[in-house]
Protein chains: 2
Amino acid sequence: MDAIDSFDRKLLDLLRHDARQTGRQLAEAVGLSPAACLRRVQRLREIGAIEREVAIISPQVAGQTVKLLVMLVIPPGKPDRIDRLRRKFAALAQVTTIYHVTGKADLVLTVECASMEAYANFTEVHFYSEDIASFETIVVLRSYDAHPEPAPKA
Amino acid sequence: MDAIDSFDRKLLDLLRHDARQTGRQLAEAVGLSPAACLRRVQRLREIGAIEREVAIISPQVAGQTVKLLVMLVIPPGKPDRIDRLRRKFAALAQVTTIYHVTGKADLVLTVECASMEAYANFTEVHFYSEDIASFETIVVLRSYDAHPEPAPKA
DNA sequence: TGAAATTTGCGAAAAATCCGCAACAGACAA
DNA sequence: TTGTCTGTTGCGGATTTTTCGCAAATTTCA
C-alpha cells in the first residue's frame, strides 16, 4: 500500500526545501543508504506524494515586479461560469494562483505584472466583461517566504 | 555579466514547470547541446535567476487540507511592528505565504491547517493579541495551478 | 578588419541514479 | 516457537547524467 512512514516524511520535508539533494545527502540526513532513499523518493513521486519538482525563478528576472491580489465578484449564474473563468485565468501568464473562495468575493487571483501600467491594461482587458460583477485590487508591497529554513512541527 | 538571453529564458520557463529535466531533454527543447544547457542552468543558479528548486508535496500527504486567506489589520504603531509580526508568522508551519499589502488590511496570510478545528485553535493562539486589531478569514474552497502547461507570453 | 572575450560542441572523467540480488525484519498462521 | 510470506534493506555493477578541459566557432568592440 501507499502508506507514508517517518522516513518518507523526513524525505518530503527535506525535498520541500531543496529538491536537488543527492541520494548521498538524503542518506546522511535520514539514516538510510543512498539507494534506499532514492527508491523511496521514486515511490513518493509515483504515488503522488511528490506532485512535481519546480525551479523558483527570481521575480526580477521573470520581469514580474508588481504583485497584486484581486478579489473577483462573479454575477450569480450557472455554476459552470466560475469554472470557465477559472480556466480562462489559468491560461494567462500574469496569473500565478487562483482560489475559489467563500465570502464577498468568489475568486481570488494573485497576479504579477511588469508594471502598474501593465496591470492597468490587464484589468481593462480581462475584468470589464459581463462575467465579472466587480473586482477589488490589493497591492502587495512585499511578499515573504514562509519557511526559508526547516519549519517547526504542525 | 549576468545578462539573460532568449536561451536562458527558455530554460527558466522549462524548469519552472519541471526542474527534473536532464541536460538531454533541455537540449532537445531549446536547441543547444546538453552540456551547454547544463552550463547555463548552473550559471542561472549562481546568479540567482533560479532561486531554488523545490518539491511540491501533495497537501493531503502534508496533512494540511484546509486552506484560508487571512486579512490582518494591525493597529497603527511603530513601523517595525509589522516586521515583527511578519517574522513571527513566517516561523509557523501553518503559514505558507505572507503579503504586506495596501488597503484595509495590512498583512494577508495564506494558512493551511489539518482541519477547521485546527484553524480555530490557530486563530485563538495567534490572532487574539494586542498586535492585531482585527482579522477576516476567507475560506478557500478550491485552489488551482495557474500554469499546468507552458504559459503564453507575458 | 582584427584581437580579445565568450560560448559552443565534443569527449573523457566523475558522480549520481537505477536495478538485480541475496539477506534481513516484521506479520501472521499453524 | 517455527515456518512462510511480504516488503525493505544494503551492496555492487550497469546505465545515465553531470562536470570539466580543450579546441573551434561566434560575438564584441575598438
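Chain letters run A, B, ... following the sequence lines, proteins first, then strands; residues in each count from 1. Values in this document were obtained by computation on a predicted structure and should not be read as measured data.
Taking every side-chain heavy atom of A/Leu38 into account, C/dT17 is the closest of C/dT17, D/dT19, D/dT8. With distances taken from any side-chain atom of B/Arg40 to the nucleotides C/dA16, D/dT17, C/dT8, the minimum falls on C/dT8.
Between A/Leu26 atom CG and C/dA15 atom C1' the separation is 15 Å, expressed in whole Å. Between the CD atom of A/Glu53 and the P atom of C/dT17 there is a distance of 11 Å, given to the nearest Å. The separation between A/Asp5 atom CG and D/dG7 atom P is 15 Å, rounded to whole Å. The nearest whole Å value for the distance from the CD1 atom in A/Ile4 to the P atom in D/dG7 is 16 Å. Spacing between atom CD of A/Gln25 and atom P of C/dA15 amounts to 13 Å, rounded to whole angstrom units. Between the CZ atom of B/Arg43 and the P atom of D/dT18 there is a distance of 19 Å, given to the nearest Å. Nucleotide D/dC11 holds its P atom 12 Å from the CZ atom of A/Arg24, rounded to whole Å. Note: CZ (B/Arg20) to P (C/dT17) measures 8 Å, nearest angstrom.
The neighbour count for A/Lys104 NZ, taken as heavy atoms of other residues, nucleotides or ligands under 6.0 Å away, does not exceed 12. Residue A/Arg81 places its CZ atom among more than 12 non-hydrogen atoms of other residues, nucleotides or ligands, all under 6.0 Å distant.
In this structure, A/Ser58 contributes its side chain and B/Ile50 its backbone to no donor-acceptor pair below 3.5 Å. Of the possible polar contacts, one joining the A/Thr96 side chain to the A/Thr110 backbone as a donor-acceptor pair under 3.5 Å is found.
OP1 or OP2 of C/dC18 sits under 4.0 Å from a side-chain N or O of A/Gln42.
Here B/Asp131 does not pair with B/Lys88 in a salt bridge; the nearest charged N to carboxylate O distance is not below 4.0 Å.
Between A/Ala27 and A/Pro34 the shortest heavy-atom distance is CB-N, 3.5 Å.
A donor atom on one side chain and an acceptor atom on the other are found under 3.5 Å apart for B/Thr137 and B/Tyr119.
The closest side-chain heavy-atom distance from A/Asp5 to A/Arg40 is below 4.5 Å.
Note on ring orientation: taking the six-membered ring where Trp is involved, the planes of B/Phe135 and B/Phe127 are tilted (angle from 30° to 60°).
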Using nucleotides 9-13 of chain C, report all nitrogen or oxygen pairs with the protein that are shorter than 3.5 Å.
{"unit_1": "C/dG9", "atom_1": "OP1", "unit_2": "B/Ser33", "atom_2": "N", "d": "3.4"}
{"unit_1": "C/dG9", "atom_1": "OP2", "unit_2": "B/Ser33", "atom_2": "N", "d": "2.9"}
{"unit_1": "C/dG9", "atom_1": "OP2", "unit_2": "B/Ser33", "atom_2": "OG", "d": "2.7"}
{"unit_1": "C/dG9", "atom_1": "N7", "unit_2": "B/Arg39", "atom_2": "NH2", "d": "3.0"}
{"unit_1": "C/dG9", "atom_1": "O6", "unit_2": "B/Arg39", "atom_2": "NH1", "d": "3.2"}

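Overall, the helix from C/dT1-D/dA30 to C/dA30-D/dT1 carries an axis bend of 40° between its ends, with five pairs at each end and the value rounded to 10°.
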